[in-house]
Each structure stands twice: as C-alpha cells, then as structure tokens.
Undergrad: 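First the structure, then my questions, so here it is.
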Amino acid sequence: GAMGSPDPVAVLFFKSFGLHEWKPVGETEAFTAEPNPQFERRFTVDFHFELYQEIRVVVFDRGLGSEERSARNMIGMCEFLLASLVVAPGQTLEKALMNKGYGAANSASGPGRVKLTMSEVCDTNRQILHASLALSSAFYEPGVAFGRVQRASQFAEAQGAIKKLEQRMKSTLGMQQPLFPGTSFLEPVMVFFRHDEATDDWQKVYETSPVYSLKHSEVHVTISRLCGGDLSRPILIVVKTSGGDQKHLGSVQSSVSALQMLNPGTAIDCDPAGSILFHQIEFETCRTFLEFFTSGSVELALTFAIDLTSSNKDPRDPTSLHFLDPSGYPNEYEAVMRTLVNILLNYCSGDHIKALGFGANVPPSYNVSHCFPLSFGGQEGICTGVEGLIRTYRETLAKVFSHELQLYGPTVLSEVIRHCANATAQSYAGPSQRVKYELLVVLTDGVLSDPDSTTRELIQASKLPMSVAIVGVGPENFSKARWLDASGDDGGTGTRLRYGNQFALRDTTQFVQFSKYEGNVSALAADVLRKIPVQIAQFMQMHDL
C-alpha cells in the first residue's frame, strides 16, 4: 500500500465437532493503504451450545503483490471459541493478532488487534404455542373405554369392582389416592405429530399428560419443534388411551397456520370419537437461550457427581472403570469430565466446579454415604477448572489405596439430586436480575437402586433452575435406565417424568450411554448437552425472567 500502509483483508475460518480441518466461511472487503480498517461485511455461522466450536481470523496484506493467501502476505491471525464471543460483554471480543515475524519486519507494535461483534439471527422459530385444551365428553363414554366393544353394563360392573378394591386398599393399607384419578375410567392423552416430507411419515413431537374429564390440559411447545418453522406444514393431533397398551380414540389433521385462525372456545372434530376444545390458544414470541445469556440474565453453575460403588472395581485393577493408567491415558470418567467442562465453563461466571461422590464408605464413621464432597475438606467440594476437577478425582481414588475410602454401594442417586436441589433452592429466591442455573452431571456405572425416590426428586427439581444430565459408563446394559430421559431422543418438551399423579413441571433430565459412542467423547458430549438450551429457556420463560 501507499506509504508502507497495508492493504488488509480478513478471512474467517470455522471448525466444529466432526471437522478435522478449518472451513473457510468468507472474507471481508479489501482496503487500500488503511492501517485501521473497519470491515462491514457480516458472516453467518450456526451456533451450537453443546459443541466445541472454534473461530480463526486471518488478516492478509493484498499490497505485497500476490492474491494468494499464504504466510508470506499474512499480517496476523487469532483463534478463539465461538462461545467466548457469545458470552462476552456486549458480544464484543478483542483479540491480538499473532505473527512471529511480522512485528520485527513491519511494525514496532506488532501485527495489531482485531475486534469482533456478533448478533443473533432470529425467525419464526422463536414463537411458542400456549394452548388450554380439553376433550369432549364423547371420549369418556363407556363404549370408548373398551374400544367400543363392551356394553355399558359391563363398564359399570368394572367401575364398581374398582371402587370396591379402592375401599379395601384404603381400609387395609391406608391408601388415600384412587386407583384411577379423575371422573372417568379413561385417562386419554393427546399426542402431536408433524409430517416428515422426506419419509412421508409422522414424527412425534409432543405428548400431554392424561386429560381427565372436565379438566384442561396445558400445552406449551415451540413452533420450531411443532412444525420446523413451516407454518403450513401438516401436523396431526391423536387422542389415545394412556399407558403401555394405547388405544387410538381419534385424530385430526391441521397446521400451525390453521390453529392461528382459531378463536378461543373453538371445537374441532377428532374422528371418530369426539372433538378437541381449544379453550385458550395464543402464540408468544419467546426470548431465545442466546438472548438470556447475552443479556446477562443467566449463568451456569456446574456440579459433577461420581459413582464410587464397588461395581466399578478397585482402581488398581486395570479392568476397573476408575483405573488410572500410568501413561496418563484417561479412563471413561476422566474423558467425559474433561470434554464437558471444556464446553461448559465458557457459560459460567468463574471456573469453580462442585465435585460430589456417592456409593462409598467414607470417614470418620466409614458408613456408606450416598452424597459427599470429593475434597473431604468441606461441604462443597469446590474444584478450580477442569484440571482441578481431575486432580480432585484422582486424589479421591488415592484414598482407596490408603484405605481411607472404600468403594461400596448400592447405586443411590436421589440424595445427590436432593442435595443439589436444596442448594439451588437456597440460591434462587425468585425473580432477580441474574439466575444461576444449576447443571448436575452424574457419571455412573450401574442401574439405579432407588428409581422411585430418584423420580420424585427429579419431579421436585423440575420447579427449580436446574437440569440433570446422566452418563452411563462401562459395559452395563442401561436399557432399564431409559425412563430417566422421559422425552426420549426427540429433544425436549415431550413426555414428562411421572410418579403417580405427580408430573415434572418440565423436561429437565437427559440420559446417554458412553459405550454407544465407541470412544467418540465429543459426540457423547453433544448429546448430553443438546437439550440444555431449551431447558434453560423454558425455565426463564415460565417465570417471566
């Protein structure tokens, strides 16, 4: 450039999970003889909370006589995590450009600095459907209850037998709740599907809790989930009996655009049984997960709970899941901890992590404890950063060698959840300027011994700013643990956890199995964390935060 000033142009590169090489996103406009350019061109990249995503910016000098982008005409470069830009104040990040040879050859001040800003691109997927639905009385008629093949007298006879059984259980067992709550023998549910054009099939996206006679069911589902943002995309509402052996009672096909035209109090036919009553229906534009973080409304708090039951085997045994390889190769527990922390710490205000253990005999009484701090030096078990967490984990295992700690059992999770929920409840006194959202990550090698207690604790925790991610490590068959992830693989706002008549307020739990990822810890981390943004946004939206 003129008078020795550079002719700068910047090129943006992107690398994410699954990419082994940097992918060029685009380049800015070029300047002539401008030492302090203000680039105007914008670039769009897909942000994923659950992935480790990197950005590289390289600034070249076009005035060195070559259009080629090479080290010869590079002014400098910088690399950073996309998450660090997302959580930066004002979504503005300033980074120094690095080039070993540039400063001596071209400028006493070095290659300079680059400032980057970001903003979120939003669309109709920000909307959420709120509806209060009920079913017409036809769904509760005796013929419907038995698939339209039983006489009313047989239905009445069955109801009489149930009432007698309830009375007997109440007198002998003190049972207060009816076997079949509500005013009807039926407990129908409404299931929402969206049409998949690629397969010409219907994909389940949402299921209500049982809809009792004369009662309303509240539906809250994002437009993105309901129709993928395509308002004319066909959706199907199916009414079925609840439970394992579901009977089809009726269905109706519609679309989001058609639902938007309904007035409150409208009934639509649901053939062949009855109709669905829309007592209330509204579409709300909701704030996104990114908006909550970029505005400073929420931050993450991390707790890791480690399974120290005897089924893991003695850490000195090379077949143990807690074996510490002398070469430094991480075991499954360490690999998961390191990968998740490297992603999640970007969304925390500091680098403190709580570390808990469960299932071991601990001092001073050497009785089994189902929740204790790994540090043993205090109530919290606070670690600093990923290295502090790994070091604390290894120091805990060293106590097994010195007989200060004994791996025991059984695998009980309810106490860890209760401990974290109590701490979260104390820190969350209600709406405030900033919410600390607790993420409890549980690493376990076995099926839980306390599924009922764990379910109850998870249901209570669903009222708090808290999510629970459970990773099953080792060769155990975790098929019986799938109930923990009530919404399954479909990504949230689906079936909620249930215990008797109690339902989780929202979906807050996810379960993944390490062995299914064949050592690909990044892919496992992506599935562990995939639903966290939706769960955080749901909590903030429910509480008008």
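The figures that follow rest on heavy atoms only: side chains count, while hydrogens, waters and symmetry mates do not. Since the structure is predicted, the reported quantities are computational estimates derived from the model, not experimental observations.
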Undergrad: Is there a side-chain contact between Tyr393 and Asn331 in this structure, where contact means two heavy atoms from C-beta onward sitting under 4.5 Å apart?
TA: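 Contact flag for Tyr393/Asn331 side chains = yes.
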Undergrad: When you measure from the side chain of Tyr437 to the backbone N and O of Met466, does any donor-acceptor pair fall under 3.5 Å?
TA: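 Such a contact is found between Tyr437 side chain and Met466 backbone.
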Undergrad: Has Gln91 got a side-chain atom pairing as donor or acceptor with Ala88's backbone, closer than 3.5 angstrom?
TA: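 Flag set: sc Gln91 to bb Ala88 pair under 3.5 Å.
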Undergrad: Rounded to the nearest 0.5 Å, what separation is found between the CG atom of Asn73 and the CZ atom of Phe60?
TA: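 Answer for the CG-CZ pair, Asn73 versus Phe60, is 6.0 Å.
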Undergrad: For the residue pair Gln510 and Ile470, establish whether any side-chain heavy-atom pair is separated by less than 4.5 Å.
TA: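 No, their side chains stay 4.5 Å or more apart.
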Undergrad: Passes side chain to side chain contact (heavy atoms under 4.5 Å, CB included), Leu464 versus Glu438? Steps please.
TA: CA-CA 9 Å; Leu464 299 168; Glu438 176 76 22; over 6 Å; no
Undergrad: Tell me, do Val471 and Leu524 make a side-chain contact under 4.5 Å, heavy atoms counted?
TA: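 They are in side-chain contact.
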Undergrad: Would you mind reporting whether Leu12 and Ile55 have side-chain heavy atoms less than 4.5 Å apart?
TA: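 Ile55 vs Leu12: side chains touch.
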Undergrad: Which residues pass the side chain to side chain contact (heavy atoms under 4.5 Å, CB included) test with Ala523, not counting sequence neighbours?
TA: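 Phe17, Tyr517, Asn520.
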Undergrad: If you count heavy atoms of other groups shown closer than 6.0 angstrom to NZ of Lys15, is the number above 12?
TA: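 Above 12, so yes.
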Undergrad: Is Thr294 close to Glu120 at the side-chain level, that is, under 4.5 Å between some pair of heavy atoms?
TA: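 Side-chain contact under 4.5 Å: no.
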Undergrad: Using side chain to side chain contact (heavy atoms under 4.5 Å, CB included) as the criterion, list what pairs up with Ile343, not counting sequence neighbours.
TA: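 Applying side chain to side chain contact (heavy atoms under 4.5 Å, CB included) to Ile343 gives Tyr52, Ala525, Leu529.
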Undergrad: Under the criterion side chain to side chain contact (heavy atoms under 4.5 Å, CB included), I'd like the reasoning laid out for Lys115 against Leu93: C-alpha separation, chi angles, the key distance, then a yes or no.
TA: CA-CA 6 Å; Lys115 181 183 290 185; Leu93 192 66; over 6 Å; no
Undergrad: Report the distance from atom CZ of Phe13 to atom CD of Glu27, rounding to the nearest 0.5 Å.
TA: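 Atom-to-atom, Phe13:CZ and Glu27:CD are 9.0 Å apart.
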Undergrad: Check step by step if side chain to side chain contact (heavy atoms under 4.5 Å, CB included) holds for Leu413 and Thr444.
TA: CA-CA 9 Å; Leu413 187 53; Thr444 180; over 6 Å; no
Undergrad: Is there a side-chain contact between Leu259 and Ile235 (heavy atoms, below 4.5 Å)?
TA: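 Side-chain contact under 4.5 Å: yes.
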Undergrad: Can you name the closest pair of heavy atoms from Val386 and Leu345 and give their distance?
TA: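 Looks like N-CD1, 4.4 Å.
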Undergrad: Which atoms form the tightest heavy-atom contact between Lys354 and Ile382, and what is the distance?
TA: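 So the minimum-distance heavy-atom pair works out to CG-CD1, 3.6 Å.
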Undergrad: I'd like to check the salt bridge (charged side-chain N to carboxylate O under 4.0 Å, His left out) partners of Glu282; sequence neighbours left out, ordered by chain and number.
TA: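 Once residues adjacent in sequence are excluded, Glu282 has no partner under the salt bridge (charged side-chain N to carboxylate O under 4.0 Å, His left out) criterion.
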Undergrad: Restricting to ring pair (Phe, Tyr, Trp, His ring centres under 6.0 Å), what partner residues turn up for Phe293, sequence neighbours left out?
TA: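 In terms of ring pair (Phe, Tyr, Trp, His ring centres under 6.0 Å), with neighbours along the sequence ignored, Phe293 is linked to Phe289, Tyr347.
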Undergrad: Listing request: all salt bridge (Lys or Arg N to Asp or Glu O under 4.0 Å) pairs with a residue in residues 318-334, at least two apart in sequence or in separate chains.
TA: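 For residues 318-334, and leaving out neighbouring residues, the salt bridge (Lys or Arg N to Asp or Glu O under 4.0 Å) pairs sorted by first residue read Glu334-Arg394.
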Undergrad: Kindly give the heavy-atom pair with the smallest separation between Phe372 and Ala360, and that separation in Å.
TA: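 Phe372 and Ala360 have their closest heavy atoms at CZ-CB, 3.9 Å.
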Undergrad: If only atom types and distance count, is the side chain of Thr339 paired as donor or acceptor with the main-chain N or O of Val336 below 3.5 Å?
TA: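 Not confirmed, Thr339 side chain does not pair with Val336 backbone.
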Undergrad: Is there a side-chain contact between Leu397 and Phe323 in this structure, where contact means two heavy atoms from C-beta onward sitting under 4.5 Å apart?
TA: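 Side-chain contact under 4.5 Å: no.
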Undergrad: First locate atom CG of Asp230, then atom NE2 of His195, and finally report the distance between them rounded to the nearest 0.5 Å.
TA: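 One finds 11.5 Å between CG of Asp230 and NE2 of His195.
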Undergrad: Going by the salt bridge (Lys or Arg N to Asp or Glu O under 4.0 Å) test, which pairs reach into residues 533-542, not counting sequence neighbours?
TA: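 Of all non-adjacent pairs touching residues 533-542, none passes salt bridge (Lys or Arg N to Asp or Glu O under 4.0 Å).
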Undergrad: Hey, could you give me the CD1/CG distance between Ile459 and Leu505, rounded to the nearest 0.5 Å?
TA: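 Rounded to the nearest 0.5 Å, the CD1-CG separation comes out at 11.0 Å.
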Undergrad: Search all heavy atoms of Pro8 against all heavy atoms of Pro37 and return the closest pair with its distance.
TA: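 Heavy-atom minimum between the residues: CG-CG, 3.6 Å.
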Undergrad: Taking salt bridge (charged side-chain N to carboxylate O under 4.0 Å, His left out) as the definition, give me every residue that meets it alongside Arg194, ordered by chain and number, with sequence neighbours left out.
TA: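 Checked Arg194 against salt bridge (charged side-chain N to carboxylate O under 4.0 Å, His left out); zero matches.
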Undergrad: Answer yes when Glu387 and Arg338 have at least one side-chain N-carboxylate O distance shorter than 4.0 Å, and no when they do not.
TA: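 Judged by the 4.0 Å cut-off on N to carboxylate O distance, Glu387 and Arg338 do form a salt bridge.
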Undergrad: Check the pair Ile353, Phe304 against side chain to side chain contact (heavy atoms under 4.5 Å, CB included), reporting the backbone distance first and the verdict last.
TA: CA-CA 8 Å; Ile353 305 165; Phe304 278 77; 3.7 Å; yes
Undergrad: Quick one: salt bridge (charged side-chain N to carboxylate O under 4.0 Å, His left out) partners of Arg56, sequence neighbours excluded?
TA: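 Residues passing salt bridge (charged side-chain N to carboxylate O under 4.0 Å, His left out) with Arg56: Glu79.
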Undergrad: Would you find a donor on one side and an acceptor on the other, under 3.5 Å apart, between the side chain of Arg62 and the backbone of Val9?
TA: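 Here the side-chain-to-backbone pair does not exist.
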Undergrad: With a 4.5 Å cut-off on side-chain heavy atoms, are His322 and Ile306 touching?
TA: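 Yes - at least one pair of side-chain heavy atoms lies under 4.5 Å apart.
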Undergrad: Taking all heavy atoms of Lys399 and all of Ser402, pick out the closest pair and write down the distance.
TA: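 In terms of heavy atoms, the two residues are closest at O-OG, 3.3 Å.
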Undergrad: Give a yes or no answer on whether the side chain of Thr396 reaches the backbone of Leu374 with a donor-acceptor pair at less than 3.5 Å.
TA: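 Present.
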Undergrad: How long is the straight-line distance from CD1 of Ile536 back to CD of Glu299, given to the nearest 0.5 Å?
TA: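 Reported value, rounded in 0.5 Å steps: 11.0 Å.
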Undergrad: Can you see which heavy atom on Gln535 is nearest to which on Asp507, and at what distance?
TA: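 Of all heavy-atom pairs spanning Gln535 and Asp507, the closest is CG-O, 3.1 Å.
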Undergrad: Would you say the side-chain atoms of Thr28 pair up with the backbone N or O of Ala10, donor to acceptor, closer than 3.5 Å?
TA: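 Looks like yes, one N/O pair under 3.5 Å.
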Undergrad: Taking Asp61 for the side chain and Asp7 for the main chain, is one N or O donor matched with an acceptor at less than 3.5 Å?
TA: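 The answer is yes, because a donor-acceptor pair under 3.5 Å joins these two groups.
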Undergrad: With sequence neighbours excluded, what pairs up with Thr44 under the side chain to side chain contact (heavy atoms under 4.5 Å, CB included) test?
TA: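 Listed in chain order: nothing, the list is empty.
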Undergrad: Has Arg316 got more than 12 heavy atoms of other residues, nucleotides or ligands less than 6.0 Å from its CZ?
TA: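 Enclosed: over 12 neighbouring heavy atoms sit under 6.0 Å from CZ of Arg316.
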Undergrad: Taking atom CZ of Phe192 and atom SG of Cys227, what is their separation to the nearest 0.5 Å?
TA: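 The SG atom of Cys227 is 12.5 Å from CZ of Phe192, to the nearest 0.5 Å.
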Undergrad: Does any N or O in the side chain of Asn312 come within less than 3.5 Å of the main-chain N or O of Asp445, such that one atom is a donor and the other an acceptor?
TA: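 Such a contact is absent between Asn312 side chain and Asp445 backbone.
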Undergrad: Between the main-chain N or O of Ala301 and the side-chain N or O of His352, is there a donor-acceptor pair closer than 3.5 Å?
TA: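 Flag not set: sc His352 to bb Ala301 has no pair under 3.5 Å.
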Undergrad: Is Glu197 atom CD crowded by more than 12 heavy atoms from other residues, nucleotides or ligands, each under 6.0 Å away?
TA: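 No, the 6.0 Å shell around CD holds no more than 12 heavy atoms from other groups.
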Undergrad: Name all pairs fulfilling the salt bridge (Lys or Arg N to Asp or Glu O under 4.0 Å) condition that reach into residues 86-95, sequence neighbours left out, sorted by first residue then second.
TA: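 Matches after skipping sequence neighbours: Glu94-Arg113.
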Undergrad: Sequence neighbours excluded, which residues qualify as side chain to side chain contact (heavy atoms under 4.5 Å, CB included) partners of Gln53?
TA: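 Gln53 satisfies side chain to side chain contact (heavy atoms under 4.5 Å, CB included) with Phe14, Ser16, Phe47, His48, Leu51, Leu82 once adjacent residues are dropped.
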Undergrad: Filter on ring-ring contact (aromatic ring centres under 6.0 Å, His included), then keep only pairs touching residues 518-543, sequence neighbours left out; what's left?
TA: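 Sorted result for residues 518-543: Tyr428-Phe539, Phe539-His543.
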